[in-house]
Amino acid sequence: MTRREWIALVSAAPLLKGAPSSPAAPVAIAKCDSYSEDVTTHLATMFDQLGGLDRIVRGKTVTIKLNMTGSPALRIQGRPPGVTHYVHPKLVGATAHLMGQAGAKRIRFVESAWATSGPLEDYLLDSGWNVRQLLAAAPGVEFENTNALGKGRKYARFKVPGAYMFPAYDLNHAYEDTDVFVSMAKLKNHETCGVTLSLKNCFGMLPASIYGDDAGVDEPNENPTSGRGKTMHDGKRQPSRSSPAELDPSSSREPGYRVPHIVADLVKARPIDLAIIDGIESIAGGEGPWIKGIRPVQPGVLLAGLNPVCTDAVATAVMGYDPRAARGTAPFQTCDNTLLLADRHGIGTTELRRIEVRGTPIEKAIYRYEG
Amino acid sequence: MLPRKARWIAALAVMPLFASVPPPSAWVPARWTWTNPKTLDLLSGTPINCLLLDSYTADFASRAAARGIVTLAVFRPGADPADAARKAVGAGVQGIVLEGDFPTGTAARVRDALADAHAIVIELTSRARMPLGGPDPIVGTYQGVWPGVQVLENGAARAGPSGSLWIDTNTGFIRSVRAWGPAAIWLGYLPPAHSVITGERYLEAIGDAELAGARWIVALDDDFRARLERGDAAALKDWRGMAEVLEFFETHPDWRTLRSYGKLAIVQDPADALLSGGILDMIGARHTPVRAIPGQRLTPESLKGATMAVNLDVEALSADQRQILKDFTRAGGTVLTAPPGWKSLSVPKPDQITLDNAELNRLDDIWRDVQTMIGRKNLGARLFNVSTMLSNVVATEDGQQVVVELVNYSAYPTDDVTVQVLGAFKHASLLTPAGTQKDLPVYATDEGGTGVDLEHVSTCTTVLFRLKE
């Protein structure tokens, strides 16, 4: 991106107006060329730039939603998923370590593991992660697979004020039994949503037991073995009747409409307190090995922010896109812009000129993912 | 007429012993299309000691024998092979391989024809015609699947987030054959035609057979053979890699005969077990150690140490055998029995070695129940980050040592593999074909087992767990 393009981008008139009151919060960017660098130090600096981790986590339960999309068996050229489409375990360990140092009482890593309700620890091991090292990274580290009821006794219901798609979502208790919620995402394109960052990562909160293709019709299926394609992407079936039904079953069944709206709803219902985006190594062209034309990339960048919309807006700009681009414009050629939908929900602003970037400026962090 | 076993012994006793000839159980076979004795130099430093020859010369056979290499002339269905076999033995080859499905009685006739020469006759038949449980020290088949990984979605090759990896393998078939007795098992399938076959793929073919206790008859594609003949450096490197993997398994012949460490047994009609991709392979893909028990060989001893059994051979079991399963459940074991009438939909065709769609659908009926029964239980071992691998978990009779063999079918090595076995073992060590032999730190697992972490798995890796140093 040239300086002229950059100035044009930050000063452009909004194409779609967000909520007038959408808040803005600073976003920290750090250059980090590889996972063999001192990721912990980079991260510590970024947290300091955001006002310090202590004030956010001291004495609190922190729940960190990881991005581990798709089966861990699927790899890109045999590479560990952490250097392609999953967040990297080194970043996860560094985050736990710093949160432990900052006085977090409990650090709970969560993800709705692909097509299973088994322990998240098994899923991590299958991904090549060292669970024992993560447990030792800080006191009070634990794991929960949120693809079903898990260790909870009942699902937590999250109502969506001004919902687009569903009036409420039933999620694993871990998303409720927490003081701080963190979305740890990967800097990637997404076939359905254009980009997948800290907002889109929250689509993975949905338990397949209720929202999966083999969810029970009336009650959750506590042993789900499939994804959410038919229910949430395509709207070909409704979630289990135990959970609130879609507001308007006659609305568009197009995934490019549905998924961005559902994601915006989810983040409205379960606010994100801290967004961390792993762009050290990643993939471009899609979210996982099953997308044709993906390619490994090394943007060499980490992002963090206290507002997920602001963080994703900056991350989208780092990827070389306009975070306020309308449908039809890269990277949102075939979908609605999740960031704008979240902005319209009043979660955070997508206007770059309102977002203070700390650490590395966007123009020095840009890595073009292309259209 | 001497019984067949006695003939084998007699044959070995009179083999030309220019150099020491290993027993048939130690023969490491390869197909050899060259007749130039100079090509025997390629075998230096390799454990290959048995050549299958489509054409031969007396000079070649004699030079090979001088190196302690057994030569076998290969005949295929067509003209009656008895005369040609006599001629071949007269030229100095030490045995005959009948490859293909000859008319019934052909092998016996060839043996009779060679009775005076005490030459060896090995049959490489279709899977369905293998003489299981017989006296032959070597049983073999010309059929096999070329091992490798493919991505499947609902059984069809397709990429998607729900895709899972499936490994084409012969291991389930080999396990079911091994259950019939101690004969050495040879797989004589060829590399796929019109394909680019990398060195790694050959290592996978060797590893796939060795993992379950068989030997693949090394067979090179035309391109590799031509490059090897002209001394191409890359081909020679691949050849040395193959020799290294062969040597790795040949220096540990005991691994082939150790007992399964699994607590899960599959009682199965042998006819079903002859097809690849069936229940044994499905369980193998889960890395659940499993022992195969042919219905005819179900005994209390065969179930010793097992806690779960899947009975797929309901109607073929005798009243006594059904009683054995009842006693097993009374002793605390769990038996999953296939539904009444659950049986093969059709008799496999002679050229069929994998399940067709109807058979796969039929398997789904019971596979869900098997999965539920196994769940996440540790039935001997649990392995993680091994989706591109298959494993074999065996133990010494005294339980002092457990051997976990891994074969990686990916073109890429895998980092950070976790192996957890049942039992409190104090020591573990890592062995690889490249000569690595190092101690691994062990840790206790939540289930009272022992775990180790492997940094890196290339094509073949073995972990030895020991109670004592």
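To find a chain, count down the sequence lines: A is the first, B the second, and so on, and within it residues start at 1.
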Inter-chain contacts: residues 443-454 of chain B against chain A, heavy atoms under 4.5 Å: Y443(B), D453(B)

Per-residue contact mode, R75(A) against chain B (heavy atom under 4.5 angstrom): side chain

Distance (rounded to the nearest 0.5 Å) between S282(A) OG and L187(A) CG: 6.0 Å

Qualifying residues under side-chain hydrogen bond (donor to acceptor under 3.5 Å, both in side chains), relative to T95(A), sequence neighbours excluded: none

Parallel, tilted or perpendicular: ring planes of F203(A) versus H233(A), cut at 30 and 60 degrees: perpendicular

Spatial distance of atom CG (L383(B)) from atom OG1 (T418(B)) [nearest 0.5 Å]: 9.0 Å

Nearest heavy-atom neighbours spanning N67(A) and K188(A): OD1-NZ, 3.2 Å

E287(A), part contacting chain B, at a heavy-atom distance under 4.5 Å: neither

Contacts of type side-chain hydrogen bond (donor to acceptor under 3.5 Å, both in side chains), residue T414(B), not counting sequence neighbours: N408(B)

Minimum-distance pair of heavy atoms, taken over all atoms of D439(B) and S429(B): OD1-CB, 3.8 Å

D208(B) versus Y409(B), side-chain donor and acceptor atoms under 3.5 Å: yes

More than 12 heavy atoms of other groups within 6.0 Å of K230(A) NZ: no

Rounded distance [0.5 Å steps], CD1 in I197(B) versus CG in D221(B): 4.5 Å

Sorted by number, residues from residues 117-147 of chain A in contact with chain B (heavy atoms, under 4.5 Å): G118(A), P119(A), D122(A), L125(A), D126(A), S127(A), G128(A), N130(A), R132(A)

Proximal component of F384(B), with respect to chain A [non-hydrogen, under 4.5 Å]: both

Per-residue contact mode, E455(B) against chain A (heavy atom under 4.5 angstrom): neither

R286(B) and I374(B), any side-chain heavy atoms less than 4.5 Å apart: yes

